[in-house]
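In what follows, a single structure is set out as structure tokens and then discussed.
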Amino acid sequence: QVQLVESGGGLVQAGGSLRLSCAASGRTLRRYGMGWFRQTPGKERDIVAVINWSGAITDYADSVKGRFTISRDNAKNTVLLQMNSLKPEDTAVYYCASDRAQLRDWPTRRPDDYDYWGQGTQVTVSS
């Protein structure tokens, strides 16, 4: 059984930083693209950042470019999201997810292309 577990969320003041971690079990992540998505009440789940299976290609939502960095450590079967210069509008539940396809060259931005999801971690940015 595949499980993704996020950690690192919390409450931070605007301008601060957080690092989210996603640890996987039941699936060796090195053949799969990974993504971070976020969701606020009443809204759809939106892309934050995605990374391909090798870590060579990343893609970001326009709203987080230059502030967030996605990375992966295939040896540890984990994916990280470093979030800097946080803003109140970054407040959301953050989810990591694993692509359903193996060895996709370009990481997909579509939530429907991801088959396993973590339970989410709350990030709250106060003004």
### Summary
Residues A61 and I47: closest non-hydrogen pair is CB-O, 3.5 Å
### Query
With clusters built from Ile, Leu, Val, Met, Phe, Trp and Tyr whose side-chain heavy atoms come within less than 4.5 Å, directly or transitively, what are the remaining members of the cluster of W36, listed by chain and number?
V2, L4, V12, L18, L20, L29, M34, V48, I51, Y60, V64, F68, I70, V79, L81, M83, L86, Y94, Y116, V123, V125
### Task
To the nearest 0.5 Å, tell me how far T69 OG1 sits from N84 CG.
6.5 Å
### Task
Taking the side chain as every heavy atom from C-beta outward, state whether Q102 and W53 have any atom pair closer than 4.5 Å.
no
#### Entry: Heavy-atom check, side chain of D99 versus side chain of T108, under 4.5 Å
yes
### Query
Is there a donor-acceptor pair under 3.5 Å between the side chain of T28 and the backbone N or O of R30?
no
## Note on the structure
Minimal heavy-atom distance between S98 and Y32, with the atoms involved, is OG-CB, 3.8 Å
### Query
Are the side chain of R109 and the backbone of G35 linked by a donor-acceptor contact shorter than 3.5 Å?
no
### Message
For the backbone of S63 and the side chain of R67, can you confirm whether one donor and one acceptor N or O come within less than 3.5 Å of each other?
### Response
yes
### Sequence neighbours excluded, every pair satisfying disulfide (SG to SG under 2.5 Å) that has a member inside residues 1-107
C22-C96
## Note on the structure
When rounded to the nearest 0.5 Å, the distance separating OG1 of T91 from CD of Q122 is 7.0 Å
### Any pair counted as salt bridge (Lys or Arg N to Asp or Glu O under 4.0 Å), so long as it reaches residues 37-54, sequence neighbours left out
R38-D90
### Task
On the 0 to 90° scale, with breaks at 30° and 60°, tag the F37-W117 ring pair as parallel, tilted or perpendicular.
tilted
### Task
For the residue pair S7 and T121, establish whether any side-chain heavy-atom pair is separated by less than 4.5 Å.
no
### Query
Hey, what do you get for OG1 (T78) to CG (D73), rounding to the nearest 0.5 Å?
4.5 Å
### Message
Using the rule given for side-chain contact (heavy atoms from CB on, under 4.5 Å), can you reason through D115 versus R27, listing the C-alpha separation, both sets of side-chain angles and the distance that settles it, and then say yes or no?
### Response
CA-CA 12 Å; D115 58 353; R27 170 179 279 187; 3.1 Å; yes
### Query
Are the side chain of Q13 and the backbone of S126 linked by a donor-acceptor contact shorter than 3.5 Å?
no
### Query
Hey, is the main chain of V5 close enough, under 3.5 Å, to the side chain of Q119 for a donor-acceptor pair?
no
### Query
Does N52 reach the main-chain N or O of G55 with its side chain, forming a donor-acceptor pair under 3.5 Å?
yes
### Task
Quick one: closest heavy-atom pair of P88 and S127, and the distance?
CG-CB, 3.8 Å
### Message
Surrounding CZ of R100 (heavy atoms of other residues, nucleotides or ligands, distance under 6.0 Å), is the total greater than 12?
### Response
yes
